[in-house]
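The structure appears below as structure tokens.
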2 protein chains.
Amino acid sequence: MSDTIPPRRPLTLRDVSEASGVSEMTVSRVLRNRGDVSASTRQKVLNAARDLGYVPNKIAGALASSRVNLVAVIIPSLSNMVFPEVLAGVAEALEGTDLQPVVGVTSYRPEKEEKVLYEMLSWRPSGVIVAGIEHSETARQMLRAADIPVVEIMDVDGEPVDAVVGISHRKAGRRMAEAILKQGFEQIGFLGTQMPLDHRARKRFEGFTETLAKAGLEVIDQEFYSGGSALLKGREMTQAMLDRSPDIDFLYYSNDLIGAGGLLYCMEQGYDIPGRLGLAGFNGVELLQGLPRQLATMDTERKQIGREAAGIVAARAGGAVGGGERVELEPKISIGDTLRRYKP
Amino acid sequence: MSDTIPPRRPLTLRDVSEASGVSEMTVSRVLRNRGDVSASTRQKVLNAARDLGYVPNKIAGALASSRVNLVAVIIPSLSNMVFPEVLAGVAEALEGTDLQPVVGVTSYRPEKEEKVLYEMLSWRPSGVIVAGIEHSETARQMLRAADIPVVEIMDVDGEPVDAVVGISHRKAGRRMAEAILKQGFEQIGFLGTQMPLDHRARKRFEGFTETLAKAGLEVIDQEFYSGGSALLKGREMTQAMLDRSPDIDFLYYSNDLIGAGGLLYCMEQGYDIPGRLGLAGFNGVELLQGLPRQLATMDTERKQIGREAAGIVAARAGGAVGGGERVELEPKISIGDTLRRYKP
DNA sequence: TTGAAAGCGCTAACAA
DNA sequence: TTGTTAGCGCTTTCAA
């Protein structure tokens, strides 16, 4: 234990070099575990670095080596648990590597996405993971020009810049519609978020209505919300819709939280579920497991998406050749207690 | 529109300089809006940069200027909504500045905290916002040596390295105990998370039991969980506890999610709430608003904490003198429908 | 196994 | 208003 005076100027390799009597170059080697260094020299350097409390300057290191161990992860929001879950998957997959995720938030705004992307690319990350497959031409141009692995996640319906990991939301919408029709529901209401820029919700809705149309049906009522507590909004929208369209026999929610709110409301109102009224949400959030009844939903495996995406970046950062990888996960319907009228 | 060939090598200032016929230095000035540049030169540079698709290299810029517009935000988890909420507050407060949050996750592990901190400090950020006030001596040493604004958040009970923004969890525990006692509850059970390293939960519990002790009472049963769906766990733990200790008349949960699970369970079981059985959670999560009954809780204003912390970092990064700021927010009891037996 | 020199791409400081 | 020079702190490369 040495009683060093706290430094005014950040410590540099040179300080460690002087304190240990070893050249800067060799100090650098020790600190990075590169090249052959004798055990004794090594120990001297390590001791000096520890005693001084030296923290390497990655900025200088990155500039000199043009290697940056950062992976940019760009998501629309942190308030929707879906994205922190993806992040958790990314973080998990990167755990064993020397890569570090760096998060940027776009608030679902294309212009902000451009800004965040520009900002992150200016740090020359080893890869980019970005939510969604819809981007401005400027953004796509930046991604292409960056010449690093780019993984677009969540959605596979479209033309990716490079790699893509996600589900087909159009297909998810179709599958749910099929499941609902199969149970004989015909008076279907849709409840979603007021978000013109949520392309995934839009695609699900398109897939959903498309399948209904094939059966000669259409959504008979719709309701959208924005802001506020999703659970509460689900409740309120459900009440409004059932009051307005009492014939409805199925409620399809664009996310599980509003679905859960709706379910709680319908149970309180004493609806026979799913005999008189069926419900389904979307995402498969953990929360549903604690509800009095299991809301039907579709699991989108967000964590797995994060893992796969990070895996692609890590592999290529590690030197593997690649490009244009495509991983389409199959969304799994979870029947729960709110969809099956006919026992199989 | 020029049809440029995609670059093999990342573009540099020099490329823009050559393309525009303006010196590198002046290009740099234009791109950073520094110093006086004639409108015509400015335009030439901007055009060239746009046409080439130039993205500045912040690594080189940071090295040359020793200015890094990154703020490290270190949190234990992304799976607990509390922390994304803090992050959202940080992001919001940083929106107007040129600072950017960078997130690191510690998984509640001190050794990982050290690692993440080391990693982030090696990028020489403009400030650090870190959850909690308990850190290893190594971590504290690094924070002190970094010689940048450090804001410890969430918890004010302890000795901060520098600035601190949060609530007193000990006080929060005491306040809730007082509120419960005031309503005449005496057979109190506690349900929490199995997390020896969650210092804030521990402090709340200490404050809570301390106040009970003054009234000659103690918690008559306890139950802890780890992992899994909090809502579901709340349900299960509540059932277990009520089966085991049927005399219990109050359940104090260490977070709102398990509290919500418990509330749903108790309602299903037909308990008279809060006549026969009272409940309270902690945090004031938005979700509660959608429940059939409002769980009593204590709002911890996570977003505000994030905002305040980011504000301190931004102010000091902007040149304001400071150090040792202390912002203690007062947790607000939300009585809800599960705590008040005696009408006021 | 170790060291010396050169330079990564930018910006501070100064000169013109 | 614009340009020149000299680094920022590290790593690459090459020599010893």
Side-chain angles (χ1 to χ4, degrees), chain A residues 7-46 48-49 52 54-70 98 119 121-126 146-147, chain B residues 7-46 48-49 52 54-70 98 119 121-126 146-147:
Chain A
R8 298 220 57 72
R9 158 185 67 69
L11 293 161
T12 68
L13 258 192
R14 157 172 256 118
D15 296 306
V16 181
S17 167
E18 283 169 1
S20 62
V22 176
S23 79
E24 281 191 48
M25 195 52 237
T26 301
V27 170
S28 168
R29 286 193 181 100
V30 172
L31 264 20
R32 285 177 300 140
N33 285 312
R34 285 288 143 74
D36 294 318
V37 179
S38 72
S40 69
T41 307
R42 197 182 145 67
Q43 206 46 58
K44 268 193 284 185
V45 170
L46 257 19
L52 293 171
Y54 172 69
V55 176
N57 185 330
K58 288 228 181 199
I59 296 174
L63 181 61
S65 66
S66 30
R67 246 189 292 282
V68 178
N69 69 339
L70 265 21
D98 65 344
E119 200 69 23
L121 288 179
S122 70
W123 286 100
R124 303 286 189 264
S126 291
D147 197 34
Chain B
R8 298 219 58 72
R9 157 186 69 69
L11 294 161
T12 68
L13 259 192
R14 156 172 256 119
D15 295 306
V16 181
S17 166
E18 283 167 3
S20 62
V22 176
S23 78
E24 281 189 49
M25 194 55 233
T26 301
V27 171
S28 168
R29 287 192 181 100
V30 172
L31 264 21
R32 286 177 300 142
N33 285 311
R34 283 290 143 74
D36 295 317
V37 180
S38 73
S40 69
T41 308
R42 196 182 145 68
Q43 205 47 58
K44 267 192 285 186
V45 170
L46 256 19
L52 293 171
Y54 172 69
V55 176
N57 185 331
K58 288 229 181 198
I59 296 174
L63 183 61
S65 65
S66 30
R67 246 190 291 282
V68 178
N69 69 341
L70 264 21
D98 66 343
E119 201 70 24
L121 288 179
S122 70
W123 286 100
R124 303 287 188 262
S126 290
D147 198 34

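Proteins come first, then strands; the chains are lettered A, B, ... in the order of their sequence lines, and each starts at number 1. Worth knowing before you read on, the calculation uses all heavy atoms, side chains too, and leaves out hydrogens, waters and symmetry mates. Please read all numbers here as calculations on a predicted model, not as lab measurements.
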Comparing nearest nucleotides in DNA chain D, the 5'-proximal residue of the pair B:E24, B:R124 is B:E24

Apply the test side chain to side chain contact (heavy atoms under 4.5 Å, CB included) to residues A:D15 and A:T12: give CA-CA distance (whole Å), side-chain angles for both, the deciding distance (0.1 Å), then the verdict.
CA-CA 5 Å; A:D15 296 306; A:T12 68; 3.3 Å; yes

Write down the distance between [atom1] ([X]) and [atom2] ([N]), rounded to a whole number of angstrom.
{"X": "A:R14", "N": "D:dC8", "atom1": "CZ", "atom2": "C1'", "result": "13 Å"}
{"X": "B:Q43", "N": "D:dT1", "atom1": "CD", "atom2": "P", "result": "16 Å"}
{"X": "A:E18", "N": "D:dG9", "atom1": "CD", "atom2": "P", "result": "13 Å"}
{"X": "B:M25", "N": "C:dA13", "atom1": "CE", "atom2": "P", "result": "11 Å"}
{"X": "A:I59", "N": "C:dT11", "atom1": "CD1", "atom2": "C1'", "result": "14 Å"}
{"X": "A:L13", "N": "C:dA5", "atom1": "CG", "atom2": "C1'", "result": "16 Å"}
{"X": "B:K44", "N": "D:dG3", "atom1": "NZ", "atom2": "P", "result": "9 Å"}

Below the 4.0 Å mark, does [N] have OP1 or OP2 next to a side-chain nitrogen or oxygen of [X]?
{"X": "B:T41", "N": "D:dT1", "value": "no"}
{"X": "B:R29", "N": "D:dT1", "value": "no"}
{"X": "A:Y54", "N": "D:dC10", "value": "yes"}
{"X": "A:R32", "N": "D:dT11", "value": "yes"}

If the helix axis at each end comes from five base pairs, how far does the helix from C:dT1-D:dA16 to C:dA16-D:dT1 deviate from straight, to 10°?
30°

[Y] backbone acceptor or donor facing [X] side chain under 3.5 Å:
{"X": "A:S126", "Y": "A:V68", "result": "yes"}
{"X": "B:S17", "Y": "B:L13", "result": "no"}
{"X": "A:S20", "Y": "A:V16", "result": "yes"}

Just verifying a value: how many Å separate A:I59 CD1 and B:L70 CG, rounded to the nearest 0.5 Å?
8.0 Å

Intermediate values then yes/no, side chain to side chain donor-acceptor pair (under 3.5 Å), B:S28 and B:R32:
CA-CA 6 Å; B:S28 168; B:R32 286 177 300 142; 2.9 Å; yes

Contact class for B:N57 (heavy atom, under 4.0 Å): base, sugar-phosphate, or nothing?
sugar-phosphate

Contact check, residues 60-70 of chain A vs DNA chain C, heavy-atom distance under 4.0 Å, returns A:L63, A:A64

For A:R14, which residues count as a salt bridge (charged side-chain N to carboxylate O under 4.0 Å, His left out) partner, sequence neighbours excluded?
A:E18, A:E24

A:K58 vs B:E119, side chain to side chain contact (heavy atoms under 4.5 Å, CB included): CA-CA, chis, key distance, verdict
CA-CA 9 Å; A:K58 288 228 181 199; B:E119 201 70 24; 2.6 Å; yes

A:L46 vs A:L31 side-chain heavy atoms within contact, under 4.5 Å
yes

Measure from the side-chain heavy atoms of B:T26 and tell me the nearest of C:dA13, D:dT2, C:dG3.
D:dT2

